[in-house]
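Notes for the one structure printed next.
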Amino acid sequence: MNEVRFDSGSGALWIAVAAGLIIAVVGFFWYKGRLIPGAHVFRASRLSRGNLLFPTQVAVTPASIVHYTPEFIGGREQSMHLAHVASVLIDRNLFFADVMIESSGGASPVRCHGHRKADALEMKRLIEQFQSEYYRTRGGAPPVSGEDRRPS
């Protein structure tokens, strides 16, 4: 019978290969989960539903909202102009908050799970602040419902 023998040198080699493989896998997922560029970027917790390997991120800029989810190859990105944001819904759970940003144009809303509660509130505050600035500098806000602005 043929016996397979491992001496101390080959055992150490296997341990080194296994450690290198583990470091490479952890490094890959860390690299894919790094923050996208921007001043106001919010990354979901890896401890929340659906974010263990590839945490979703939301970037709020003065012109748009970008929802980015990394994938094994590439990533998925959804962008919505600030003028098309109809509402921001925050569903606060025990540990984390889910955020849903609805569009006024009928497109699918931006949904992201597992953000810190403070981050979700900051996202909403920034969106409202940037929308106010957008309408203030671009010719005024839409008329208040129920009032007619025509001269009498």
Side-chain angles (χ1 to χ4, degrees), residues 1-138 141-142:
M1 293 214 166
N2 292 340
E3 286 187 29
V4 178
R5 291 186 184 196
F6 291 104
D7 58 356
S8 63
S10 66
L13 178 65
W14 282 109
I15 290 173
V17 168
L21 185 61
I22 289 171
I23 290 172
V25 168
V26 169
F28 172 76
F29 287 113
W30 175 81
Y31 175 76
K32 293 297 278 187
R34 72 193 186 285
L35 284 177
I36 57 177
H40 304 288
V41 178
F42 305 94
R43 180 173 43 202
S45 171
R46 288 188 187 265
L47 301 176
S48 63
R49 168 177 49 116
N51 292 313
L52 178 63
L53 300 178
F54 302 115
T56 187
Q57 301 176 38
V58 176
V60 180
T61 68
S64 65
I65 297 164
V66 178
H67 178 235
Y68 177 73
T69 303
E71 296 176 347
F72 274 108
I73 298 173
R76 182 178 309 192
E77 186 172 310
Q78 180 182 2
S79 180
M80 182 185 303
H81 193 274
L82 214 57
H84 296 279
V85 173
S87 67
V88 179
L89 173 91
I90 299 175
D91 183 17
R92 292 182 214 144
N93 299 317
L94 183 61
F95 296 109
F96 301 111
D98 300 336
V99 179
M100 185 169 72
I101 303 167
E102 293 183 340
S103 167
S104 61
S108 61
V110 172
R111 292 184 179 145
C112 44
H113 309 284
H115 289 280
R116 290 180 25 228
K117 294 176 187 178
D119 286 349
L121 292 173
E122 181 66 10
M123 269 190 259
K124 182 178 179 180
R125 187 193 69 76
L126 283 170
I127 291 168
E128 290 172 350
Q129 174 188 340
F130 289 152
Q131 274 187 323
S132 296
E133 291 171 6
Y134 175 81
Y135 286 118
R136 189 177 312 119
T137 61
R138 307 261 186 323

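Positions are given from 1, in the same order as the sequence printed here. All values below were derived from every heavy atom in this structure, side-chain atoms included, with hydrogens, water molecules and symmetry-related copies excluded.
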Closest contact, heavy atoms only, Ile36 versus Gln57: N-OE1, 2.9 Å
Start with the C-alpha distance between Ile101 and His67, add both sets of side-chain angles, then the distance that settles side chain to side chain contact (heavy atoms under 4.5 Å, CB included), and finish with yes or no. CA-CA 10 Å; Ile101 303 167; His67 178 235; over 6 Å; no
Closest non-hydrogen atom pair between Phe96 and Ser48, with its separation: CD1-CB, 3.9 Å
Qualifying residues under salt bridge (charged side-chain N to carboxylate O under 4.0 Å, His left out), relative to Arg34, sequence neighbours excluded: none
For atom CZ of Phe95, is the number of surrounding heavy atoms from other residues, nucleotides or ligands below 6.0 Å larger than 12? no
Any donor and acceptor pair, going by atom type alone, linking the side chain of Lys32 with main-chain N or O of Gly74 inside 3.5 Å? yes
Just jot down the salt bridge (charged side-chain N to carboxylate O under 4.0 Å, His left out) partners of Arg111, sequence neighbours excluded, or say none. none
Could you tell me whether the side chain of Glu133 and the main chain of Pro62 form a donor-acceptor pair under 3.5 Å? no
Quick one: OH on Tyr134 to OG on Ser64, what's the gap to the nearest 0.5 Å? 11.5 Å
Please step through side chain to side chain donor-acceptor pair (under 3.5 Å) for the pair Thr56 and His113, ending with a clear verdict. CA-CA 8 Å; Thr56 187; His113 309 284; over 6 Å; no
Nearest atoms (heavy-atom pairs only) where Arg116 meets Ala97: O-CB, 4.5 Å
With sequence neighbours excluded, tell me which residues meet salt bridge (charged side-chain N to carboxylate O under 4.0 Å, His left out) with Arg125. Glu122
First locate atom CD1 of Ile90, then atom CE of Met123, and finally report the distance between them rounded to the nearest 0.5 Å. 7.5 Å
Could you go through the side chain to side chain contact (heavy atoms under 4.5 Å, CB included) check for Leu126 and Phe42 one step at a time? CA-CA 12 Å; Leu126 283 170; Phe42 305 94; 3.8 Å; yes
How close do Asn51 and Ser45 get, heavy atom to heavy atom, and via which atoms? CB-O, 3.2 Å
In the structure I gave you, are the side-chain heavy atoms of Leu35 and Arg43 within less than 4.5 Å of one another anywhere? yes
For residues 49-69, which residue pairs qualify under salt bridge (Lys or Arg N to Asp or Glu O under 4.0 Å), counting only residues two or more places apart or in two chains? Arg49-Asp98
side-chain hydrogen bond (donor to acceptor under 3.5 Å, both in side chains): pairs with one or both residues in residues 77-90, sequence neighbours excluded: Ser87-Glu102
Check the pair Ile65, Val85 against side chain to side chain contact (heavy atoms under 4.5 Å, CB included), reporting the backbone distance first and the verdict last. CA-CA 9 Å; Ile65 297 164; Val85 173; 3.5 Å; yes
I'd like to know if the side chain of Lys117 and the backbone of Leu94 have a donor-acceptor N/O pair within less than 3.5 Å. yes
Tell me the closest heavy-atom pair linking Val41 and Ala59, and the distance in Å. CG2-CB, 4.0 Å
Quick one: CG on Leu82 to OH on Tyr135, what's the gap to the nearest 0.5 Å? 8.0 Å
Considering residues at least two apart in sequence or located in another chain, which fulfil the ring-ring contact (aromatic ring centres under 6.0 Å, His included) criterion with Phe29? Phe54, Phe72
Compare every heavy atom of Pro70 with every heavy atom of Pro55, then report the nearest pair and how far apart it is. O-CD, 3.5 Å
